[in-house]
2 protein chains.
Amino acid sequence: MQKRLSKIDPSLVTNCPLFADMDKQAIADILNKGVAKHFKKGDRFFDQMDEATHFFLMLDGYLEVSKTTEEGAQVIMRHFGVGEIFGVAPAIAQKNYPATARALVDCVVVLWENKYWDHFLVEHPQFIKNAYKSVGERLAQSQERIVEMSTEQVERRVAHAVMRLTHQCGVKTEKGILIDFPVSRQDIAEMTGTTLHTVSRLFSAWSSKGLMQVGRQKIEVLEAHKLALLAQGQ
Amino acid sequence: MQKRLSKIDPSLVTNCPLFADMDKQAIADILNKGVAKHFKKGDRFFDQMDEATHFFLMLDGYLEVSKTTEEGAQVIMRHFGVGEIFGVAPAIAQKNYPATARALVDCVVVLWENKYWDHFLVEHPQFIKNAYKSVGERLAQSQERIVEMSTEQVERRVAHAVMRLTHQCGVKTEKGILIDFPVSRQDIAEMTGTTLHTVSRLFSAWSSKGLMQVGRQKIEVLEAHKLALLAQGQ
DNA sequence: CCGTTTCTTTGATCTAGAGCAAATAATCAG
DNA sequence: CTGATTATTTGCTCTAGATCAAAGAAACGG
């Protein structure tokens, strides 16, 4: 399931915004308090409603965070990539994780016991500030998404979702930008509040316009600019 | 427009969660750093995109926070009542307010210059912790709303919105629970991503079932339990 | 009190997109 | 290699709810 690593190399994280404006000594101290682990594709970091015991930093890989309703519908809240913290329940005084976090590819993360949050608050306030900055960005993004859901129709929302994926998790290829992990039509539907059928139809239309190239769980954006126009409503 | 008050009585805020687990001395010190002001119904506390200069605590009254899209559509993000902090841009390292805050009735607020955030972080960390707890609750509520928008149809969403209003801003009457400020059908539409027409139709149906009593910009819920059932989808 | 403005209601269309169904097409397990 | 499983596409139908239209009802300004 998951393997403990003996040691974390600080050079992996020096460019990460989470450690901005911090000296090497402080970074090393924080990393020493954490534990690095491998998670395989499909593994869960935590489940919705689990008691929150740790917070995490992604060193390598991608994950998705999703919520499931009582009726069983799944909504994908967000994706996280390298250098991002997640599962920060202690930061916002939540006793349980509000969602499920799942590895989309094989991952390496650092995880800390919750108690270190308060510890770092005193010892390394800059770290906490950096972490809250990213919490703030997520709050802002959530609210953007509410506006989107309230005012835009499906085509624009799907265009936005694909753009977000390319920005957060895209890798350049000869032809365009490829999403770096498997994404199904169903996944896109769960990110935008629509159905896989509608997503499939949109992708077919966009592909035939040369805007993107799609395959089974594969999305490659060829003309990002045109996609951006669609996201803005022409 | 707004009038400065000379002094703030600490007894106004001792029951407020923002000052939980704090001694009177600390509370008084924090209040002394702030300025109390009146805002009249309709006044703005700040506008979307304004440079963030202050953060606020509502002492008396209600406000709504809304975002406006490039196309001019308005989305009501949230309401705030007595004892809640708002406009906490410094908390999440945002330079500008992401939305507009408008007084729904005559209000009294305390406002602090942004620099005091960092000051309190050192001097009164418990205050900051309490504030972050409410930021966390807002993040959680935003995500709930995304799930709602993604999976529920209009009737349930409107039922949810009315329930939230009764919880946050309701006052008990002989017959039921009255929303304590004017709310139009258009307002409810902007909280739920629908149109005033659909809201009007729903309200008509619910009124004739005896579930609520409505008037011009007035909502009084008579049978909260039935409304809750509607919100859960029967 | 009266005209104006701002809300609300209700009816009559119209349509984006859900839901259903069934046929491909990839991938996987053995 | 082969059948089973999981994704995807595409056509057809149907409906929730938007949009359009127009008529009441409150509140407001002078």
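Just so we're on the same page: letters track the sequence lines, and every chain starts at 1.
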Is there a donor-acceptor contact under 3.5 Å linking the side chains of [X] and [Y]?
X         : Y         : value
Trp206(B) : Glu155(B) : yes
Glu190(B) : Gln186(B) : yes
Gln143(B) : Lys67(A)  : no

Original post:
Is Arg201(A) positioned over the aromatic face of Phe203(A), cation under 6.0 angstrom from the ring centre and no more than 45 degrees off axis?
Top reply: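 Not satisfied by the 6.0 Å and 45° rule.
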Original post:
Can you give the first and last nucleotides of DNA chain D, 5' to 3', that have an atom under 4.0 Å from a heavy atom of chain A?
Top reply: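 Contact boundaries, 5' end first: dT6(D) to dC12(D).
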Expressed as a whole number of angstroms, how long is the span from [X]:[atom1] to [N]:[atom2]?
X         : N       : atom1 : atom2 : answer
His197(B) : dT9(C)  : NE2   : P     : 12 Å
Arg157(A) : dA16(C) : CZ    : P     : 14 Å
Gln186(B) : dT6(C)  : CD    : C1'   : 12 Å
Trp206(B) : dT9(C)  : CH2   : P     : 13 Å
Phe203(B) : dT10(C) : CZ    : P     : 13 Å
Ile219(B) : dC7(C)  : CD1   : P     : 14 Å

Subject >> Side-chain touch Val147(B)/Met77(A), heavy atoms, less than 4.5 angstrom >> reply: yes
**OP:** Answer yes or no: is there a side-chain heavy-atom contact under 4.5 Å between Met149(B) and Arg157(B)?
**Re:** yes
Does OP1 or OP2 of [N] have a side-chain N or O of [X] closer than 4.0 Å?
X         : N       : value
Thr198(A) : dG17(C) : no
Arg201(A) : dG17(C) : no
Ser204(B) : dT10(C) : yes

**OP:** Tell me whether the centres of the aromatic rings in Phe181(A) and His79(A) are closer together than 6.0 Å.
**Re:** yes
**OP:** Identify whether the distance between the nearest side-chain nitrogen and carboxylate oxygen of Glu71(B) and Arg156(A) falls below 4.0 Å.
**Re:**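 Salt bridge flag = yes for Arg156(A) with Glu71(B).
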Original post:
Where do Asp43(A) and Lys40(A) land on the salt bridge (Lys or Arg N to Asp or Glu O under 4.0 Å) test, with the steps shown first?
Top reply: CA-CA 6 Å; Asp43(A) 286 351; Lys40(A) 289 211 181 128; over 6 Å; no
Original post:
Closest nucleotide of DNA chain D for Val214(A) versus for Gln153(A): which of these residues is on the 5' side?
Top reply: Val214(A)
**OP:** Mark up nucleotides 24-30 of chain C, 5' to 3', with B wherever a protein heavy atom is under 4.0 angstrom from a base atom, S wherever such an atom reaches only the sugar-phosphate, and - elsewhere.
**Re:** -BBS---
